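Note that the coordinates shown come from a computational prediction; the quantities given were computed from them, not determined experimentally.
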Amino acid sequence: MSTPANFKSDFLQTLQARGYVHQISHPDELDVAAAQTAEGGAPIAAYIGFDATATSFHVGNLVSIMLLRRLQQAGHKPIVVMGGGTTKVGDPSGKDATRQLLTHEQIQSNIDSLKTTFAKLLTFGDGPTDAIMVDNDEWLSKLGYIDFLRDYGVHFTINRMLTFDSVKLRLEREQPLTFIEFNYMLMQATDFLELSRRYGCTLQMGGSDQWGNILNGVELIRRVDQKPAFALTTPLITTASGAKMGKTASGAVWLNADRLSPYDYWQFWRNTEDADVGRFLKLFTDLPLDEIARLEALQGAEINDAKKVLANEATALLHGRAEAEKAAEAAHAAFVQGGVSADLPSIDVPAAALSPGIPLDTLALDAGLATSKSEARRLAQGGGLRVNDKAEPDATRLITAEDIGEGGVIKLAAGKKKIVLVRIV
RNA sequence: GGGGGAAUGUCCCGAGCGGCAAAGGGGGCGGACUGUAAAUCCGCUGGCUACGCCUUCGUAGGUUCGAGUCCUACUUCCCCCA
């Protein structure tokens with residue numbers, strides 16, 4: 001299953017040390033291949049497939065993306081496969097419900113949006129270790145059914161496919177598993193084979209839930225082409241208290257800045273549980289391990305310093321150093337000094353609206369601090385809604401020009417962490 | 001093919017004699033304590049033009065002053081017999 005330590009190659013050593021490894025197939029063979037690169041051998045080309053079901057990635061996808069980054073850092077070649085073709089089919093992935101199928105256009109526009117994230121974390125180009133991006137729709141959509149069955153279908157037995165968890169789970173719960181979904185794993189195996197032939201790709205990586213799917217590809221390549229092929233999966237990343245990662249005060253932790261601001265992204269990392277700091281530093285920042293060890297050793301309130309480093313580094317990777325610093329300063333102003341900073345999230349309100357005044361619940365709704373006026377009122381009654389740092393129990397109160405405070409803005413807060421500035425324009 | 005169950009607050013699980021905005025969890029949010037942590041304790045957890053009104057219990061009808069609750073048909077799922 002899992003692997004002995006003591007890898008020779010930089011790549012696997014790093015992955016092991018930083019907590020990326022869950023399972024590896026043929027670990028020794030892969031280690032040798034990876035080590036040869038340093039001695040003048042060819043870089044390893046490795047790929048990870050990504051679904052194109054949303055317009056932005058989520059922190060849950062970040063491990064995989066960072067994994068490609070590590071690969072490139074170790075002198076190998078990352079291949080990003082966008083699942084334009086497989087997204088048309090849908091991975092059964094253990095869920096009970098059949099996934100909603102997306103249109104061609106939706107998938108394409110999702111892919112365009114997702115590309116921007118990769119551009120920040122990987123170096124693309126034509127060089128031997130430059131990353132490339134391909135869409136599996138390119139070959140999958142051209143597959144003829146009869147040819148597909150004859151060329152690939154013969155290598156898969158139903159008996160075997162029925163043993164995979166993704167399939168087994170559905171069947172055990174007697175939930176429907178459609179034929180289209182059942183074919184997902186064949187398509188993924190086909191991807192790997194195709195990439196092996198086109199780019200000499202020898203390694204497919206992914207989350208631990210992809211292990212079975214990846215092995216199918218490994219076996220297909222080894223059987224059909226007698227070429228080397230390897231599988232490597234990452235563990236499912238959860239928080240120390242067992243929750244799956246990826247919630248913040250503002251909802252899901254998106255990687256695109258238009259869906260989650262750098263400030264909120266910074267806050268997400270800043271609020272990491274104590275027990276997770278070291279693990280997350282290793283996975284989600286480029287800091288050297290000895291530096292991480294030092295931060296990890298901090299005790300008590302001092303561990304907050306480590307969380308700030310984590311927030312700074314993780315934000316800088318994704319949004320750039322400048323944005324990370326702005327977020328850090330905004331947070332410092334808001335939390336340490338209790339003041340306001342221009343970089344906090346804000347909304348604009350016309351000055352004219354303040355002469356009759358705006359009910360607080362309406363304003364809180366506009367600011368995104370509540371999803372309905374009723375919620376805003378409840379929040380206020382519970383003492384969680386603040387105007388200029390003063391709890392305001394009456395959400396129907398009119399907010400007027402008299403509430404304009406420091407810096408010419410009105411500071412609205414829901415709880416201690418969600419702050420929105422109301423700018424008068 | 002025959003027989004018997006089930007579907008509940010659009011996050012999930014789940015109780016519900018004909019008067020129900022609907023018990024109880026989980027999750028989430030807010031408060032207290034702390035360190036913007038965890039654990040713990042407390043409160044909230046349909047909407048609105050808000051002492052009132054509107055929309056919710058698989059779908060569509062019906063009985064009734066009144067239906068989540070009774071009846072009919074339909075849909076989907078589970079169990080038993082063939």
Side-chain angles (χ1 to χ4, degrees), chain A residues 58 94-98 100 170-178 238-253 263-281 295-312 314-315 327-341 343-345 356-362 364-387 389-398 411-420:
Chain A
H58 164 123
K95 293 193 186 110
D96 283 345
T98 297
Q100 182 112 39
R170 279 281 186 91
L171 294 180
E172 276 171 7
R173 296 186 201 167
E174 306 203 31
Q175 296 291 335
L177 174 72
T178 61
T238 56
T239 67
S241 38
K244 67 181 170 206
M245 242 182 117
K247 289 286 273 186
T248 180
S250 329
V253 183
Y263 172 81
D264 285 321
Y265 189 71
W266 193 94
Q267 282 296 321
F268 166 72
W269 293 108
R270 175 62 185 81
N271 285 301
T272 297
E273 293 177 30
D274 286 9
D276 289 327
V277 176
R279 199 158 50 100
F280 288 179
L281 280 166
L295 292 167
E296 206 173 3
L298 295 173
Q299 292 298 315
E302 287 198 323
I303 202 156
N304 283 328
D305 293 336
K307 293 185 191 180
K308 285 176 197 162
V309 173
L310 171 62
N312 285 338
T315 307
E329 281 162 24
H332 185 77
F335 288 102
V336 181
Q337 300 168 339
V340 297
S341 156
D343 290 313
L344 286 169
I358 307 169
L360 179 55
D361 53 8
T362 308
L365 184 63
D366 291 346
L369 294 176
T371 55
S372 71
K373 288 184 196 175
S374 298
E375 187 182 308
R377 291 180 195 197
R378 274 186 240 114
L379 185 65
Q381 273 161 21
L385 191 56
R386 288 157 223 258
V387 179
D389 299 316
K390 279 206 309 284
E392 174 53 74
D394 178 15
T396 60
R397 204 199 101 193
L398 289 179
K411 184 181 180 188
L412 240 49
K416 301 241 158 70
K417 295 180 188 173
K418 280 183 285 188
I419 302 170
V420 173

Whole-Å C1' distance, C12(B) and G61(B): 31 Å
Criterion side-chain contact (heavy atoms from CB on, under 4.5 Å) on Leu412(A) and Leu360(A), from CA distance to verdict: CA-CA 9 Å; Leu412(A) 240 49; Leu360(A) 179 55; 4.1 Å; yes
Syn/anti state of C11(B) by chi, 90° boundary around 0: anti
Closest-nucleotide ordering on RNA chain B, the 5'-leading residue of Gly384(A) and Asn304(A): Gly384(A)
Proximity to the side chain of Lys373(A) - top-ranked nucleotide from G35(B), A50(B), U36(B): A50(B)
Of Ala328(A) and Thr371(A), the one whose closest RNA chain B nucleotide lies more 5': Ala328(A)
Nearest heavy atoms of Thr396(A) and Arg377(A), plus distance in Å: CG2-CZ, 4.0 Å
Rounded distance in Å between the P positions of U69(B) and C17(B): 11 Å
Cationic N near anionic O, under 4.0 Å, Arg386(A) to Asp389(A): no
Asp361(A) vs Glu375(A), side-chain contact (heavy atoms from CB on, under 4.5 Å): CA-CA, chis, key distance, verdict: CA-CA 8 Å; Asp361(A) 53 8; Glu375(A) 187 182 308; over 6 Å; no
Same-atom distance (P) from C80(B) to G47(B), integer angstrom: 43 Å
Nearest-Å distance once atom P is located in both A67(B) and G19(B): 11 Å
Sugar-phosphate, base or nothing in reach of Trp269(A), heavy atoms under 4.0 Å: nothing
Closest heavy-atom pair and its distance - Asn312(A), Ala328(A): OD1-CB, 3.5 Å
Any Ser372(A) side-chain N or O less than 4.0 Å from OP1/OP2 of G47(B): yes
Spacing of the C1' atoms in U63(B) and A73(B) (rounded, Å): 15 Å
Distance between P atoms of G24(B) and U45(B) (Å, rounded): 11 Å
Opposite nucleotide pairing with C77(B), Watson-Crick or G-U, both atom distances under 3.5 Å: G5(B)
Among U36(B), A37(B), G30(B), the one nearest Ala331(A) by side-chain distance: U36(B)
Rounded interatomic separation in angstrom, taking NZ from Lys307(A) and C1' from U36(B): 8 Å
Gln337(A) side chain to Phe335(A) backbone, donor-acceptor under 3.5 Å: no
Residue of the set Asp276(A), Thr272(A), Asp274(A), Asn271(A) for which side chain to side chain donor-acceptor pair (under 3.5 Å) holds with Lys307(A): Asp274(A)
Integer-rounded Å distance: G47(B) P and Leu365(A) CG: 11 Å
C1'-based separation of U8(B) from G1(B) [nearest Å]: 32 Å
C20(B): syn or anti, per glycosidic angle within 90° of 0: syn
Touch class at under 4.0 angstrom, heavy-atom based, for Arg378(A) against every strand present: sugar-phosphate
C1' atoms of G58(B) and A6(B), separation to the nearest Å: 11 Å
Nearest listed nucleotide, side chain of Glu273(A), among A38(B), G47(B), G35(B): A38(B)
Nearest to side-chain heavy atoms of Gln267(A), which nucleotide of G35(B), U36(B), G31(B): U36(B)
Interatomic distance where CG belongs to Leu369(A) and P belongs to G28(B) [whole Å]: 19 Å
Out of U36(B), A50(B), G35(B), whichever nucleotide has its closest atom nearest the side chain of Ser374(A): A50(B)
Arg270(A) CZ to A37(B) C1', straight-line distance once rounded to whole Å: 8 Å
Touch class at under 4.0 angstrom, heavy-atom based, for Ile303(A) against every strand present: base
Sugar-phosphate, base or nothing in reach of Thr272(A), heavy atoms under 4.0 Å: sugar-phosphate
Lys416(A) side chain near A37(B) phosphate (N/O to OP1/OP2, under 4.0 Å): no
Which nucleotide in U36(B), A50(B), G31(B) has an atom nearest any side-chain atom of Arg386(A): G31(B)
Short side-chain N/O contact from Lys417(A) to OP1 or OP2 of A37(B), under 4.0 Å: yes
